[in-house]
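Source: prediction; values computed, not measured. The figures here come from the full heavy-atom set of this structure, side chains too, leaving out hydrogens, waters and symmetry mates. So you know, we letter chains A, B, ... as the sequences are listed, proteins then strands, and number each from 1.
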Amino acid sequence: MKHLAYAAAGLALAAFATDAHARDQIRIVGSSTVFPFSTAVAETFGGKSGMPVPVVESTGTGGGMKLFCSGVGESTPDITNASRRIKESELEACAKAGIDAVTEVQIGFDGIVLASDKSAPDVSLTIPQIFLALAKEVPVDGKLVPNPYGKWSEIDPSLPDVKIEVLGPPPTSGTRDAFVELVMDHGCSTFPEIEALEKDAKTAACQTIREDGGYVEAGENDNLIVQKLQANPNAVGIFGYSFLDQNMDSLNGHPIDGNEPTFENIASGAYPVSRSIYFYVKNAHVGVVPGIKEFIEEFTSEAAFGEEGYLTDKGLIPMPEAEREAMRNSALALTPVNLGS
Amino acid sequence: MTDLVSNGGRFAAITQRPPRPEAVVAAHTRRRYVRERRFKLIGMSAVIVAISLLAILLATVLSNGAGAFRQSYAVLDVRLDPAQIDPSGNRDPEVLADADYQAVLNDALVAAFPDMDDRQGRRALRAMLSNSSALQLRQMVLDDPALIGSTVPVRFLLDDERDQYLKGEVDPSIPEANRRLKDRDIALVDRLAEQGRIETGFNWTLFTNADSREPEQAGLRAALVGSFWMMLICFFLSVPVGVAAAVYLEEFAPKNRWIDLIEVNVNNLAAVPSIVFGLLGLAIFLNLFGVPRSASLAGGLTLALMTLPVIIVVTRAALRSIPPSIRAAALGIGASPLQVVFHHVLPLALPGILTGTIIGMARALGETAPLLMIGMVAFIANVPSGPLDPATALPVQVFLWSDSPERAFTERMAAAIIVLLGFLIAMNVIAVLLRKKFERTW
């Protein structure tokens, strides 16, 4: 028993002594969407440079920003990944904590796809149709009523005569935020009844998703949605392009506004539901924690985020060449982000 | 019990009235037997349901995960050309480290497939092997520079999608457009197999490597080491503190309202959701004491917080089960209260304490929620060398792999579950053995 007590005391002491030793490993937090790309670069960076592989945590975009903006110093992360652009309020929080310069690096695009099992019929959807299928309240005869549509064919006779059953991410997910912004917001703006509403009421009408069983929150795990689609050919799933890419033998992506969710269509911008993904670097940490600059260099190299780079194997949709070039230069120059510009 | 009580009146009646006909008694007896049989049947079916659910779980995990323990390798004859690796010939380690091993590897691939010597072909050849192959060659040369100049057969990890194909997970009959692995890639793997260059072996990588984004290079090492440190720290912290607290509360503490309050709170704590302990760990260990984020130390301390109330509760139960006669006898022959506890009560309660402790530890081993808050749900590609290095845990690795898009991670996830289950079963077996060894009846 005595030995145990000593060991415990020793551990407690060790806990106090740890603050003294300097960090030589990059720490990254943030979006789970960017996680596969960030980790792939981290690993290559470690292999090439011989430095320790950065620790990448998957905290979600919002959680990552919170940690990132908690201050400058060893106990705070150096980089945060984001599946959307940093917000003005987050930059302010950063500035308040003494972080006055943050470098923004856009790494490419991520498509959000609506897909079904291969055995389901091929259906081309439009954004207003998706809005009508998923919104909580829809305009009927000039009035907003609780969503009356139970089957796709009730929205448009050309759509199949099956129950509306969409499996998608829960509200905590960045994919859900992007889906609401890119599909629901756009979809609702095509209806004059909603456009005529007050600002708050309009936002609510546009962004509230039905809760009567037509939309099923299937959890953060996209693999789970894929499995459920295979079990139920009538269901439609919403998830990131990389999961469609990995499962193209069993899943079929639905064209939106006539554009198939393919690599080429997302890269060219023809497929309408895609978003930019980013990472943000704390400038004050560059040069203090070794390797940050080299990490940015690796991430923005043609071998990584270029047309043929290894990140495209992981499902990243690259930016056009000129934009990549510009992004590389501004990233390596550590140009602080300015949302006003 | 209830039967006897409810029949009490009837028995009383029997003594007063003339004896009932035998048939009535027999019918009553029969009904009681039927009731007993029915209860046995219900109990048995409950057990069967539980066992079959467990069997389904194990069967799915085993059938999904078995494949991950095998890995395909490509064996290539690599000519370590001195002109390419070490032109000056003085075996300077820096020159050796900087040489272009990808070129050496490309030459070896083209030598095996001479007809593929164009840009497209070379790309297809390169994609066949895991992307760590050049680094593997480099390490081999650095370890043994004497190999330079010779041609050696080297075993390279096959890329995960080709490995999946060889395991029968890719169906070549579906249209090419619907497959990630194209016809040309499949043809190449088939040719490699025809040449006898494919070897299948035990997937040691799963145990020697830390996590990786490439499924064929991904392993459990960082999670195993992390879990080991966490269990060690958790054990050495929660057991002494927990047992001491329980002994005090049970044997020495005065019986008053304060102690009652503490008891209620400890019992409550044992049932608190584990994520709450994660928040506590974040606030105390990380923010107040400055323990490094993601370190096994932080995880171990947090899990110790979580296990502590469980250990206090089971230890108290174990102490309470020791008959008071033991204490009275020890006191009677002149032992001090402290001697009574340490010489008599505690050794007798040991089997119960150990069982409870091991079950508490097993719960801690399978916990991910509290680790989320302290940054251990992370991609860790370096094997941690001590409790202060960033690490992860076995269940966290399962969680991370389950969320990865690559197909090959599915079987690796199941393999990680098998390893985790193996540890849990081992811990429970130890609990049973220890109880058998120390158990004493009186």
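With no hydrogens or angles considered, no side-chain donor-acceptor pair links A/S49 and A/E294 at under 3.5 Å. Side-chain atoms of A/T61 and A/S83 form a donor-acceptor pair, as typed in the model, at a separation below 3.5 Å. Side-chain contact check for A/S116 and A/N252: no donor-acceptor pair (N or O, by modelled atom type) lies under 3.5 Å. Using modelled atom types, one finds a donor on one side chain and an acceptor on the other under 3.5 Å when comparing A/E43 with B/S212. Looking only at atom types and distance, the side chain of B/S385 has a donor-acceptor partner in the side chain of B/D389 under 3.5 Å away.
How far CE of A/M248 is from CD1 of B/I174: 9.0 Å, rounded to the nearest 0.5 Å.
With respect to B/D159 and B/R162, a salt bridge is recorded, a charged nitrogen being found less than 4.0 Å from a carboxylate O. Salt-bridge annotation for B/E214 and A/K314: present, with a side-chain N of the basic residue lying under 4.0 Å from a carboxylate O of the acidic one.
Most heavy-atom pairs under 4.5 Å with chain B, from the set A/F243, A/Y310, A/F35, A/F239: that is A/F243. Chain A forms more heavy-atom pairs under 4.5 Å with one residue of B/R293, B/M376, B/R123, B/R179 than with any other, namely B/R293. Options A/L224, A/V53, A/D313 differ in how many heavy-atom pairs under 4.5 Å they form with chain B, and the most are formed by A/V53.
For A/K48, no part sits under 4.5 Å from any heavy atom of chain B, backbone or side chain. With a 4.5 Å cut-off on non-hydrogen atoms, A/L67 touches chain B through its side chain but not through its backbone. For B/Q217, the part lying under 4.5 angstrom from a heavy atom of chain A is the side chain only. Contacts between A/P54 and chain B at a heavy-atom distance below 4.5 Å involve the backbone alone (N, CA, C, O).
Annotation: residues 398-411 of chain B contacts chain A through B/L400, B/S402, B/D403, B/S404, B/P405, B/E406, B/R407 [non-hydrogen atoms, separation under 4.5 Å].
Contacts classified as salt bridge (charged side-chain N to carboxylate O under 4.0 Å, His left out) and involving residues 233-244 of chain B (residues at least two apart or in different chains) are not found.
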